[in-house]
Each structure stands twice: as structure tokens, then as C-alpha cells.
> 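This is the structure I want to talk about, given as C-alpha cells.
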Amino acid sequence: MADSTSSDSLSLDIDSLSPSPQEHIIRTRHGSVSVAVYGDQDKPALITYPDLALNYVSCFQGLLFCPEAYYLLLHNFCIYHISPPGHELGAAEIDPDYPILSVDDLADQIAEVLNFFGLSAVMCMGVTAGAYILTLFAMKYRQRVLGLILVSPLCKEPSWTEWLYNKVVSNLLYFYGMCGVVKEILLKRYFSKEIRGGTQLPESDIVKSCRRLLDERQSLNVWRFLEAINGRPDISEGLRKLHCRSLIFVGDMSPFHSEAVHMTSKLDRRFSALVEVQACGSMVTEEQPHAMLIPMEYFLMGYGLYKPSKLSVSPRSPLSPSCISPELYSPESMGLKLKPIKTRISLEI
């Protein structure tokens, strides 16, 4: 266990950081987009983009509620949480006459958000559909992306199975709204079977909370984002041209596991690393956020954005240094390149 001095010090650091966001509604050529800003805007920028039907509260809250992650990220960054159109808290339904945006339109919106805040180059963190949008943004605006932290990312066009599955969900959203069937499908997309529960296991608090938050989404706004993602092109062949560093997390129970592995194989291995999290679904940020801490620390050290202290490694994390490939520790790996790695997470906490 950590000694009381370390715990108190960490608590003070968290309390001294900005706890509440500044909400902005930014008008772009492709409609309005909501951005919640956390932290000191004089610091380097980290932008986030969530998965389908989520926003920063339901997609990144678990990660930021980890004291170590809060300290790591807010100590180094001002965080700009970008919501897909109509996914922000309290969002109204988008005008039905407004055209459905493409994934390119959504990527271009991000560029306009950066222009609004006067940001030149940023670090990016996205989950699944959000990871695809940020990767596409990085391909279109290479000089504006310092690095990518991607969770269960997409990069290929939908398979026929996925396309048909998404069409079923799309029709349910359009005609029946955020009904029970749609929520169950989305929860399977996000979480592993273990925490979704079943006949013998209770549903976890994380899943219960996500279920409640899904009730707050405007179903037709979710439908619009799903239509954009279901029409996405394959960007695999352009990935090798990305020379920003990339850190990819994926749960080994994620339905997008093979896609994340495929994406890693297409990225330049000098600048990318893969972290596979055992016994976890797609949304590692909520299900096993502690598994992200040490890889992120060493990833960010390559940018000079984080200097380890005695608070860097917490015994509360299910990862310990021995769980990480030794290659990840070398200055060459973390300063100039990252090697593909694999983690194995203990189920005991």
C-alpha cells in the first residue's frame, strides 16, 4: 500500500486542478459542436472523442476518476472533450432537415474547433468510432496531431455483417428510439460479458450508469452518427504515412479486437505500440482504466510532457512495471519509437 504522505500529496494535487468544465458550443461549416474544456488553456492540448451514443461523461469519466490518471493528464494537459453532434449533455434533437454528416465532415469539424481555440497541434484520445474520427483527422491534418491514444479503434470499412448489424440498429433508433434492444446492443459493444452480468452475475455499477446515460441521448442524433460511421471508408493503407506516435489499447473481449490488431499491423512500427488488456471489452477507459496508466506515462515521457515522480506508479494499479514489455522502458522506444507490446492484466485487485 502507498504510505499516507503520498496519498495526501496526490489528493492535494487533484484538488488544486480545475474540477469543472467550461462548456462551449462552436458553430462550424458542418453545424454546431459541443466542447467541454478542463484545465489550464496555457498547457498543451489533449482532445477526446467518444464512441457511438456516448459523450465525455459516459466514455472518459472512469479514466479521469482514477486519481493517478487525473494527475497524469491534468498536470500536463488542458483537455478538450469534443462530443459528436447532438451527443452532449442536454442536447436537443438536430433539425431533421439538416443533412447527415460524413466521417470527413466530422474530422473537418475538429479542425474548426482547433481554430476556434487557437490550437496548432494537439494530442488525441478516442474510443472506437471516436478513434476512427481522430485517426482520419490525423491523416487529413498531419501537422496538427502530436500523437494518438486510441482505444479499440476502427480503420477498415464495415464488413457486410457489421454493416447489416448497424442497419438494424439504425432502423430501431429511427423508428423506436433508444429502446431496450438498442441499449443491450450498445452495452455489448462497450463492455465485456463479465461486467454486463447475467443470470448468475449482477450487472456492474459501471454498466448500470451507462444504461442510465443512454436514456438521455436523443435517438435521432445517435442515428446520425451511426449512419456516418456505417458509411466510413477503409483508411488502412494511409496509416503507414502517419508519423505521429500512436498508442493503441484494446480489450481482448472487444468485438473490435481484430480490427485493432489489423490497424497496428498497418501503422509504422517505429512509432506505434499495442496494449491488449485481458478480460476487458472495448471501453477500456471505463472498464479497466488503471490498465492505461503506465503505458500512457511512458508514452508521454517521449514528448517530455510528464516527468515521473514517486506518485507515478500506484500499487492500486492492476499493472506493475513487470507486466510491461522491457522494450517499453528504453529511452529509444519511448523517445523515438514504440514497439508492439502486450499486457496481461491480473483479475485480482
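The basis for the numbers below is simple: all heavy atoms, side chains too, and nothing from hydrogens, waters or symmetry mates.
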> Are Met253 and Ile206 joined in one hydrophobic group, where the rule is that I, L, V, M, F, W and Y side chains link up if heavy atoms are under 4.5 Å apart?
no

> Taking all non-hydrogen atoms of both residues into account, name the closest pair between Ala36 and Pro21 and its distance.
CB-CB, 4.0 Å

> Please list all pairs passing the side-chain hydrogen bond (donor to acceptor under 3.5 Å, both in side chains) test where one or both residues lie in residues 81-91, with sequence neighbours left out.
Thr48-His81

> Please determine whether a side-chain nitrogen of the Lys or Arg among Asp51 and Arg189 lies less than 4.0 Å from a carboxylate oxygen of the Asp or Glu.
yes

> With sequence neighbours excluded, what pairs up with Ser120 under the side chain to side chain contact (heavy atoms under 4.5 Å, CB included) test?
none

> On a heavy-atom basis, which atom in Phe249 and which in Pro153 lie closest, and how many Å separate them?
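In this case the closest contact between Phe249 and Pro153 is O-CD, 4.1 Å.
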
> Are the side chain of Arg232 and the backbone of Lys156 linked by a donor-acceptor contact shorter than 3.5 Å?
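Looks like yes, one N/O pair under 3.5 Å.
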
> Checking one residue: Trp163. Which other hydrophobic residues are in its cluster under the side-chain 4.5 Å linking rule?
Trp160, Leu164

> Check the pair Lys140 / Asp108 against side-chain contact (heavy atoms from CB on, under 4.5 Å), numbers first and verdict last.
CA-CA 9 Å; Lys140 297 183 71 172; Asp108 291 340; 2.9 Å; yes

> Who passes salt bridge (charged side-chain N to carboxylate O under 4.0 Å, His left out) against Glu259, sequence neighbours left out?
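For Glu259 there are no salt bridge (charged side-chain N to carboxylate O under 4.0 Å, His left out) partners, ignoring immediate neighbours.
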
> Keeping the roles fixed (side chain from Ser254, backbone from Val250), state whether a donor-acceptor pair exists under 3.5 Å.
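No, because the side chain of Ser254 does not come within donor-acceptor range (under 3.5 Å) of the backbone of Val250.
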
> My understanding is that only residues two or more places apart in sequence, or in another chain, count here; which of them pass side chain to side chain contact (heavy atoms under 4.5 Å, CB included) with Asp95?
Asp97, Tyr98

> Indicate yes or no for a side-chain donor-acceptor contact from Ser58 to the backbone of Asn55 under 3.5 Å, with no hydrogens or angles considered.
yes

> With distance as the sole test, does Asn230 use its side chain to make a donor-acceptor pair with the main-chain N or O of Asn166 at under 3.5 Å?
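Not a single qualifying donor-acceptor pair exists.
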
> Once ring pair (Phe, Tyr, Trp, His ring centres under 6.0 Å) is applied, do any residues pair with Phe65, and if so which ones, sequence neighbours excluded?
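Per chain and number, Phe65 pairs via ring pair (Phe, Tyr, Trp, His ring centres under 6.0 Å) with no residue.
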
> In sequence, state the C-alpha distance, the side-chain angles, and the governing distance for Leu73 and Leu46, and then conclude on side-chain contact (heavy atoms from CB on, under 4.5 Å).
CA-CA 8 Å; Leu73 296 176; Leu46 168 68; 4.2 Å; yes

> Could you tell me whether the side chains of Ser246 and Ser272 share a donor-acceptor contact shorter than 3.5 Å?
no

> Return the set of residues passing ring pair (Phe, Tyr, Trp, His ring centres under 6.0 Å) with His262 (not counting sequence neighbours), or none when no residue passes.
none

> Mind listing the closest non-hydrogen atom pair of Met123 and Leu148 along with its distance?
SD-N, 4.3 Å

> Given side-chain contact (heavy atoms from CB on, under 4.5 Å), test Val35 with Phe117 step by step and report yes or no.
CA-CA 10 Å; Val35 183; Phe117 289 106; 3.9 Å; yes

> Which heavy atom in Glu287 sits nearest to a heavy atom in Gly281, and how many Å separate them?
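Closest pair (atom of Glu287, atom of Gly281, distance): OE1-N, 3.1 Å.
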
> Between side-chain atoms of residues 126-138 and protein atoms elsewhere (two or more places apart, or another chain), which donor-acceptor pairs fall under 3.5 Å?
{"unit_1": "Thr128", "atom_1": "OG1", "unit_2": "Ser152", "atom_2": "O", "d": "3.2"}
{"unit_1": "Tyr132", "atom_1": "OH", "unit_2": "Pro233", "atom_2": "O", "d": "2.7"}
{"unit_1": "Thr135", "atom_1": "OG1", "unit_2": "Ala131", "atom_2": "O", "d": "2.7"}

> Quick one: does any side-chain atom of Asn221 pair with a main-chain N or O of Pro85 as donor and acceptor, under 3.5 Å?
no

> State which residues pass side chain to side chain contact (heavy atoms under 4.5 Å, CB included) with Ser258; sequence neighbours excluded, sorted by chain then number.
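Listed in chain order: nothing, the list is empty.
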
> Do Tyr56 and Ile82 pass the side-chain contact (heavy atoms from CB on, under 4.5 Å) test, and can you show the C-alpha distance, the side-chain angles, and the key distance before you say yes or no?
CA-CA 8 Å; Tyr56 72 92; Ile82 302 175; over 6 Å; no

> Holding to salt bridge (charged side-chain N to carboxylate O under 4.0 Å, His left out), I want the full list of residues that pass it with Asp234, two or more places apart in sequence or in another chain.
none

> Does Lys241 form a salt bridge (Lys or Arg N to Asp or Glu O under 4.0 Å) with Asp268? I'd like the steps, not just the answer.
CA-CA 8 Å; Lys241 297 178 182 178; Asp268 189 327; over 6 Å; no

> Verify, without hydrogens or angle tests, whether Ser204 (side chain) and Ile195 (backbone) share a donor-acceptor contact under 3.5 angstrom.
yes

> Please determine whether residues Leu187 and Leu201 belong to a single hydrophobic cluster, defined as Ile, Leu, Val, Met, Phe, Trp and Tyr linked transitively by side-chain heavy-atom distances below 4.5 Å.
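Leu187 does not cluster with Leu201.
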
> With Glu112, which residues qualify under salt bridge (charged side-chain N to carboxylate O under 4.0 Å, His left out), at least two apart?
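Salt bridge (charged side-chain N to carboxylate O under 4.0 Å, His left out) list for Glu112, sorted by chain: Arg29.
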
> Salt bridge between Lys167 and Glu162, side-chain N to carboxylate O under 4.0 Å?
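Salt bridge between Lys167 and Glu162, a charged N being under 4.0 Å from a carboxylate O: no.
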
> Please confirm whether the backbone N or O of His30 pairs with a side-chain atom of Gln109, one donor and one acceptor, at under 3.5 Å?
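Yes: the side chain of Gln109 pairs with the backbone of His30.
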
> Give the cluster check for Val284 versus Tyr70: same hydrophobic cluster or not, with ILVMFWY residues linked at side-chain heavy-atom distances below 4.5 Å.
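Per the 4.5 Å side-chain linkage, Val284 and Tyr70 are co-clustered.
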
> Just by distance, do the side chain of Tyr303 and the backbone of Leu146 share a donor-acceptor pair under 3.5 Å?
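Here the side-chain-to-backbone pair exists.
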
> Is Phe175 linked to Tyr165 within one hydrophobic cluster, defined over Ile, Leu, Val, Met, Phe, Trp and Tyr using a side-chain heavy-atom separation of less than 4.5 Å?
yes

> For Glu237 and Lys266, what are the C-alpha separation, side-chain angles and deciding distance, and is it a salt bridge (Lys or Arg N to Asp or Glu O under 4.0 Å)?
CA-CA 7 Å; Glu237 295 309 312; Lys266 294 295 183 180; 3.4 Å; yes

> Consider only side-chain heavy atoms of I, L, V, M, F, W and Y, link residues closer than 4.5 Å, and tell whether Ile110 and Tyr141 are in one cluster.
yes

> Filter on side-chain hydrogen bond (donor to acceptor under 3.5 Å, both in side chains), then keep only pairs touching residues 171-184, sequence neighbours left out; what's left?
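Every pair satisfying side-chain hydrogen bond (donor to acceptor under 3.5 Å, both in side chains) with a residue in residues 171-184: Lys183-Asp215, Glu184-Arg211.
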
